[in-house]
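Notes for the one structure printed next.
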Amino acid sequence: MDPRQRPYRSVLYIPGSKERALDKARGLPVDAIIFDLEDAVSADEKDNARETLKAALAQGGYGQRTRIVRINGLDTDWGRADAEAVREMEADAVLLPKVNGPEDVDALAAITGDLPIWAMMETPRGMLNAAAIAAHPKMQGFVMGTNDLAKELQTRFRPDRLPMVTSLGLCLLAAKAEGLIIVDGVYNAFKDEEGLKAECTQGRDMGFDGKTLIHPAQVDIANDAFAPSEAEIDLARRQIEAFAEVEASGQGVAVVDGKIVENLHVATARETLAKAEAIEALQAE
Ligand SMILES: CC(C)(COP(=O)(O)OP(=O)(O)OC[C@H]1O[C@@H](n2cnc3c(N)ncnc32)[C@H](O)[C@@H]1OP(=O)(O)O)[C@@H](O)C(=O)NCCC(=O)NCCSC(=O)C[C@H](O)C(=O)O
Ligand SMILES: [Mg+2]
């Protein structure tokens, strides 16, 4: 399946150092995994984590889940060794933290070659350069790093995420302009189901493809929130049908449930059905 057409409803971080979690993920219904060598791994564990992760990926068992390895920044003691190791790993993409501009992506691409690159969008400079980062030829996806961003912006966490909205919007605009995948930041309170549901709904409404997660208990909530609902699928089918009927009689506007349906709504309806089918195909594997 074309990577950009795959579902990314649930994108789970797994510390590259934790063998038990690396194993558990083989049975979790996540769409993608971020195997982390950065913040979830302590300085003492960095070198071991690289080896542990390399062995886990070589062993396999992750099925159709997209395998993304988050390395340490190239300005750290471990970044270069991580990037060189990823080149040899069974990974689908490499994720670079704290990307400030396209030159950071160039530096990584010089090491990782053809491997698709994802960017952690989590610095004020990265926000200002989002369009140039998204336009990099190796760039495949954006991951919002809302913890680092909150730290840098000195914002407070609020349920409505108002202080974060400008940054989320800038990255969404940049990602959509270049046809990239874009997933929302993590919800830290991993036992708060209602809070996670609300934030997933907000992320879905804004146009994110999915949410990054830190604990298996968050997976079902994200999968549900970012999949088209039964009502959306039903509406999409009826919109396509109604528009086909009016089009056959030479008109350009149909009405469904009291609302107009034009060509552009039909395009969205088709996307909804395609997403539902992609999810079904993934679950059948
Ligand atoms: C948050 C945790 C430290 C909690 O761990 P723990 O206390 O072990 O949880 P549980 O006992 O409830 O775990 C139950 C079982 O689930 C497995 N588990 C736990 N977490 C994961 C996971 N992420 N992936 C796969 N499996 C997981 C446990 O091993 C237990 O399994 P079993 O014993 O077989 O039943 C922990 O969840 C954790 O470390 N989470 C990941 C944290 C992380 O990755 N942080 C970095 C990413 S967030 C970030 O950096 C964002 C960004 O950069 C930003 O700036 O915003
Ligand atoms: Mg971060």
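All values below come from the heavy atoms of this structure, side chains included, with hydrogens, waters and symmetry mates left out. In what follows, residues are counted from 1 in the order of the sequence shown. In each ligand, atom 1 is the first atom listed, and ligand 1 is the first ligand listed. None of these values were measured; they are calculated from a predicted model.
- Using modelled atom types, one finds a donor on one side chain and an acceptor on the other under 3.5 Å when comparing Asn147 with Asn188.
- Applying the side chain to side chain donor-acceptor pair (under 3.5 Å) test between Ser10 and each of Thr212, Asn223, Asp220 identifies Asn223 as the sole match.
- Shortest non-hydrogen contact noted between Gly126 and Met121 is O-CE, 3.4 Å.
- Under the 6.0 Å cut-off for aromatic ring centres, Phe142 and Phe208 do not qualify, their centroids lying 6.0 Å or more apart.
- In summary, of the residues considered (Lys98, Lys46, Arg50), a side chain to side chain donor-acceptor pair (under 3.5 Å) with Asn72 occurs for Lys46 alone.
- With a heavy-atom cut-off of 4.0 Å, Leu12 touches ligand 1 through its side chain alone.
- Distance screen at 4.0 Å: atom 5 (O) of ligand 1 has no protein heavy-atom neighbour inside the cut-off.
- Put simply, atom 11 (O) of ligand 1 has no protein non-hydrogen atoms near it, under 4.0 Å away.
- With a 4.0 Å heavy-atom cut-off, ligand 1 is reached by no atom of Ala25.
- For atom 25 (C) of ligand 1, the protein comes within 4.0 Å by at least one heavy atom.
- Proximity of Leu149 to ligand 1, defined as any heavy-atom pair under 4.0 Å, is not found for any part of the residue.
- Summarising the contacts of atom 19 (C) of ligand 1 with Pro97, Ala150, Ala21, Pro216, the nearest heavy atom is found in Pro216.
- In terms of polar-atom proximity, defined here as any N/O pair under 3.5 Å, Met120 makes no such contact with ligand 1.
- Every heavy atom of Lys151 sits 4.0 Å or more from the atoms of ligand 1.
- Counting heavy atoms under 4.0 Å from ligand 1, residue Arg26 does not touch it at all.
- The shortest N or O to N or O distance between Asp148 and ligand 1 is under 3.5 Å.
- Inside a sphere of radius 2.8 Å centred on the Mg ion (ligand 2), the protein N/O/S atoms present are Glu122 OE1, Asp148 OD2.
- Distance screen at 4.0 Å: atom 31 (O) of ligand 1 has a protein heavy-atom neighbour inside the cut-off.
- In Met144, neither the side chain nor the backbone holds a heavy atom less than 4.0 Å from any atom of ligand 1.
- Looking at Glu103, Met139, Glu178 one by one, the single match for side-chain contact (heavy atoms from CB on, under 4.5 Å) with Ile133 turns out to be Met139.
- Looking at Arg80 and Glu84, a side-chain N of the basic residue comes within less than 4.0 Å of a carboxylate O on the acidic one, giving a salt bridge.
- The aromatic rings of Tyr62 and Phe35 stand perpendicular to each other, their planes meeting at an angle above 60°, with 30° marking the opposite boundary.
- Residue Glu38 does not touch ligand 1, judged by heavy-atom distances below 4.0 Å.
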